[in-house]
Amino acid sequence: MTDTLIKGGRIITAADDYHADVLLSAGQIALIGADLDVRADRVIDARGHYVLPGAVDMHTHLEMPFGGTMTCDDFTTGTLAAVHGGTTSIVDFCVQQQGQSLPDALATWHEKITRCPPFADVGFHVAVTDLSDPARLDELAALPEQGVTSIKLFMAYKGAIMVDDETLFRTMQVAGRSGSLVMVHAENGDAIQVLIEQALAAGNTGTAWHGRTRPPITEAEATSRAIDFAQLADCPLYVVHVSCGEALAPVERARAAGAKVWAETCSQYLYLDESVLDLPDFAGAKAVFTPPPRAKHNQEILWSALDRGVLEVVSSDHCPFRWADQKALGRDDFSKIPNGGPGIEDRVELLHEFGVRTGRLTLNQWVDMTATAPARLFGLRGKGSIAVGGDADVVVFDPERERTISAASQHSAIDYNLYEGITVHGGPTAVFVRGELVVRDGETVAEPGTGRFVARERFGAGRTYAHA
Ligand code: URP
Ligand code: ZN
Ligand code: ZN
């Protein structure tokens, strides 16, 4: 493998900010130091640029059957989009089908990365949907042996992948004992289903009703319930895609009390508000993701929570459905629009533009919430930092590079971009996955397969967590 010397860059980690050279060798960060006098096959001049740990996106849905269709990015196209945005590891949701064993579900997801080799490293969470066979509980306990140390439960999507409270609680009990982190999609799916049926019966079929039938209190209630159950089961909990102040409140309370509770928000809640659901000519369908975009005042609440460390991670929840033929399934009925939006490629640059450049976040916070914290929480040893012996997942980032986000130039297979027309400053000029140069100056310079499955450590292995 080619050795690379990255010279003269400004290294930014979650804790540090300094100038040094970095040598990548045999897939690892081999040396860090001032003016390194070493031979290398390739030298990258990083003067004036940041040298960052490859970002980690632990909330993606690639090639996932959902809403009567399948997300349109496979592991090759989805991770191609990821690496172009500086993300070198993802953790994707392997969803158990009804009646399916968990090993079978995992085998299905492994087949996807064999058939469509990834550019970025890939881990899996298992989304449990059916525990009716008691054998599933033993399978749950055995997941960490297969490198899967987080389990997802959907408290919404009734009639599809939603679980009841018994399943939620039993899963938490097993996870708490076996070293897995439980993740919840927290919305009260029963109440939402009633509201959807009532809206449709009254002839309210347009995209705005996606938001109106999922009010903040449904997210807040489920968040509180999940936190209470996790406490009862003595299980660490991670709340995905927190979208509003009402749902943040129980997270903040629990953390202040020292509970083992963590939470993320996602790009779309920081930059889009509920008005996008009103866009005419079915354009609102592009923003039909769940929880829905919220009233604008929530954005400042989320920014503040990120700054104060109440929310520790910003993920993408990349769940791409093409507008022309997939979102169109719900043209006459908002409840049939497959829920989800894109974001894997733009997450890091958007947070640099609207977090760092506005002064809301420091560079260290930016790296922490896009790389270090997700790697630490989800057991990705060797990732999320620039440290000797760590994986050579490294991004050279030009803070001044200007780019206007557009579906026409993105790498995902989706046919729209939620941030179309927004100009961002700062982007990767070189992206390495375990030492292999994958992206250089906007060009893909590697073949699919630079990424591979990564087994993750049990929750908390060898780490301490500040608030808990
Ligand atoms: O709308 C969304 N977020 N779709 C993906 C599935 C989920 O809820 O995370
Ligand atoms: Zn969700
Ligand atoms: Zn999701």
Side-chain angles (χ1 to χ4, degrees), residues 57-73 78 82 90-97 109 123-129 150-163 168 182-189 192-193 196 207 209-211 213-214 216 218-220 222-223 226 237-244 247 251 263-270 272 274 276-277 284-294 313-323 326-327 329-330 334-344 347 374 378 412 414 416 418:
D57 190 347
M58 39 59 52
H59 191 154
T60 68
H61 302 275
L62 301 181
E63 206 187 313
M64 180 182 74
F66 193 55
T69 182
M70 177 90 81
T71 55
C72 65
D73 272 321
I90 66 165
V91 190
D92 194 80
F93 291 100
C94 158
V95 182
Q96 175 204 19
Q97 302 301 305
W109 251 255
F124 297 138
H125 318 281
V126 163
V128 170
T129 62
S150 43
I151 301 165
K152 171 84 171 284
L153 295 151
F154 289 92
M155 299 168 77
Y157 305 126
K158 190 169 181 182
I161 53 179
M162 172 172 147
V163 296
L168 184 69
V182 163
M183 311 164 76
V184 283
H185 169 129
E187 284 185 307
N188 187 312
I192 287 169
Q193 189 56 30
I196 290 173
T207 51
W209 287 88
H210 173 66
T213 53
R214 310 184 93 95
T218 59
E219 188 182 341
T223 306
L237 180 72
Y238 182 94
V239 184
V240 301
H241 51 43
V242 172
S243 70
C244 57
V251 170
E264 66 172 21
T265 190
C266 301
S267 313
Q268 53 272 35
Y269 304 109
L270 295 169
L272 303 176
E274 60 188 355
V276 288
L277 286 170
K286 295 175 182 173
V288 170
F289 45 75
T290 304
R294 298 295 190 190
V313 176
V314 176
S315 301
S316 71
D317 194 4
H318 182 77
C319 188
F321 297 105
R322 288 180 304 271
W323 181 77
Q326 296 187 294
K327 293 284 186 181
L329 294 169
F334 72 89
S335 72
K336 293 196 167 61
I337 300 171
N339 285 197
I344 201 168
R347 175 182 67 119
F378 288 88
S412 163
I414 196 173
Y416 71 95
L418 283 170

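Each ligand, and each atom within it, is numbered from 1 in the order the structure gives. These numbers come from a predicted model, not from an experiment. Throughout, numbering of the chain's residues begins at 1 and tracks the sequence.
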Student: I want to know whether Tyr416 and Phe321 have ring centres closer than 6.0 Å.
Tutor: no
Student: Taking the Zn ion (ligand 3) as the center, what protein N, O or S atoms are found at less than 2.8 Å?
Tutor: His59 NE2, His61 NE2, Asp317 OD1
Student: Determine, stepwise, if the pair His318 / Leu62 fulfils side-chain contact (heavy atoms from CB on, under 4.5 Å).
Tutor: CA-CA 8 Å; His318 182 77; Leu62 301 181; 3.8 Å; yes
Student: Could you give the distance from CD1 (Ile196) to OG (Ser335), rounded to the nearest 0.5 Å?
Tutor: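 So the gap between those two atoms works out to 6.0 Å.
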Student: With a 4.5 Å heavy-atom cut-off, do Asp92 and Trp109 have their side chains touching?
Tutor: yes
Student: For ligand 1, what N or O to protein N or O distances fall under 3.5 Å?
Tutor:
unit_1	atom_1	unit_2	atom_2	d
ligand 1	1 (O)	Thr290	N	2.7
ligand 1	1 (O)	Gly340	N	3.2
ligand 1	3 (N)	Thr290	O	2.9
ligand 1	3 (N)	Asp317	OD2	2.7
ligand 1	4 (N)	Asn339	O	3.0
ligand 1	8 (O)	Tyr157	OH	2.6
ligand 1	8 (O)	His185	ND1	2.9
ligand 1	9 (O)	His59	NE2	3.4
ligand 1	9 (O)	His61	NE2	3.1
ligand 1	9 (O)	Asp317	OD1	3.4

Student: Using a strict threshold of under 4.0 Å (side-chain N to carboxylate O), is an ion pair present between Arg214 and Glu187?
Tutor: yes
Student: Can you give me the closest heavy-atom contact between Ser243 and Arg294, atom names plus distance?
Tutor: OG-NE, 2.9 Å
Student: Taking ring-ring contact (aromatic ring centres under 6.0 Å, His included) as the definition, give me every residue that meets it alongside Phe93, ordered by chain and number, with sequence neighbours left out.
Tutor: His59, His61, His125
Student: Sequence neighbours excluded, which residues qualify as ring-ring contact (aromatic ring centres under 6.0 Å, His included) partners of Phe154?
Tutor: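 Tyr157, His185.
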Student: Is any side-chain heavy atom of Thr69 less than 4.5 Å from a side-chain heavy atom of Leu329?
Tutor: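 Yes, their side chains come closer than 4.5 Å.
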